[in-house]
Amino acid sequence: MASCVSDTARALGCRDGAAATHLKFISLFVIFFTSVIGITTPVLLARYFQGKPVYDKAILIIKCFAAGVILSTSLVHVLPDAFAALSDFQVASRHPWKDFPFAGLVTLIGALLALFVDLTASSHVEHGHKPSGDYLPVGTHDVTVGKKVGNTNSDLSNEELVKLKQRLVSQVLEIGIIFHSVIIGVTMGMSQNQCTIRPLVAALAFHQIFEGMGLGGCIAQAGFRMGTVAYMCLMFSATTPMGILLGMMVFSVTGYNDSSPNALIMEGILGSLSSGILIYMALVDLIAADFFHNKLMGSHTWLKKGSFIALALGSTSMSILAIWA
């Protein structure tokens, strides 16, 4: 009984709206600037190495680190939170949520949705950029080897196909990450618990750095124009702060409780959907594409080992952050 009373007193002491609001305003600037640092670092590194002999190898290492970060984000951060939200007693005691594992189902839907978008866009790109009739492409979708019959411009067409595929991967990946960032921001914005928010600000700062490096590595390889790169970096950097502001506004207007059943259901569904998209992108479009369809991996054994180490480091660094956020 005494422990219950002390826990209640501690919870009431932590619930300070004014202190929580002050921390949230600080977090807006901290999270925005750490997000900018995270996502621009791989882009700037890629530009530094561009034109140098090690450029292709450097960008591959950066991308493998990025893949590890994205995979860990989906499996260690997003998916457990989604399961926890839909397993909460307030939700799990109601129909239909207690009758079926909806977190797993929505994760599956997210992965299938990512596959559908990938197939549709890839099919559209390939039909719109087919080589001419006197050129016979041979090889995988990622590294196409051309058999030249009479057209000298066909290699450029195949190279452009690879670039378009990489751009598609970056854009779909950013959509999945933005879902995740909005959930984090809104949940934090609605919270009035200063004891929860204070460590969360520091943890989210590192979280955004690593997640930004993951997305930035993919953007760097895709070869977007400078304006598009700036727009994608800004969208990633601003999404979590905008989510925090949105959560604060929702709470101030409605007094909406972030631990209410409806809030938990929305958090669980969006988190599961985001997780499914990120798992598909990390495993299929990043890891499988590089480790099994990249000619650099086959020709340099040391590069394959280095890429695997980078993948493990990315996964480990992001997984450790789960201790705090």
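Computed from a predicted structure; not experimentally measured.
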| I279 side, atom CD1; L75 side, atom CG - distance, nearest 0.5 Å |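 Answer for the CD1-CG pair, I279 versus L75, is 4.5 Å.
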| field | Rounded distance (nearest 0.5 Å) linking atom CG of L86 with atom CD1 of I265 | value | 7.5 Å
Side-chain donor-acceptor pairs under 3.5 Å in residues 30-43, sequence neighbours left out?
residue, atom, partner, partner atom, Å
T34, OG1, V30, O, 2.8
T34, OG1, I31, O, 3.1
S35, OG, I31, O, 2.6
S35, OG, Q208, NE2, 3.1
T40, OG1, V36, O, 2.5
T41, OG1, I37, O, 2.5

Residues in side chain to side chain contact (heavy atoms under 4.5 Å, CB included) with [X], at least two apart?
X: V284; answer: Y280
X: S87; answer: none
X: L23; answer: Q194, I197, R198
X: M242; answer: A238

For residues [X] and [Y]: do they belong to one hydrophobic cluster (side chain heavy atoms under 4.5 Å, members Ile, Leu, Val, Met, Phe, Trp, Tyr)?
X: F210; Y: I309; value: yes
X: M226; Y: I219; value: no
X: L168; Y: L119; value: yes

| message | Show, in sequence, the C-alpha distance, side-chain angles and deciding distance for H77 and D81, and conclude whether the side-chain hydrogen bond (donor to acceptor under 3.5 Å, both in side chains) test is met. | response | CA-CA 6 Å; H77 290 260; D81 287 348; over 6 Å; no
| Side chain to side chain, L71 and L283, heavy atoms closer than 4.5 Å | yes
| task | For K63, check salt bridge (charged side-chain N to carboxylate O under 4.0 Å, His left out) against everything at least two apart and list the hits. | result | D290
| task | Quick one: closest heavy-atom pair of A220 and A46, and the distance? | result | CB-CB, 3.6 Å
Atom pairs and distances, side-chain donor-acceptor, residues 100-113, under 3.5 Å, sequence neighbours left out:
residue, atom, partner, partner atom, Å
T107, OG1, A103, O, 2.7
T107, OG1, S272, O, 3.4

| said: Per the side chain to side chain donor-acceptor pair (under 3.5 Å) rule, what does the pair list look like for residues 308-319, sequence neighbours excluded? | reply: S72-S319
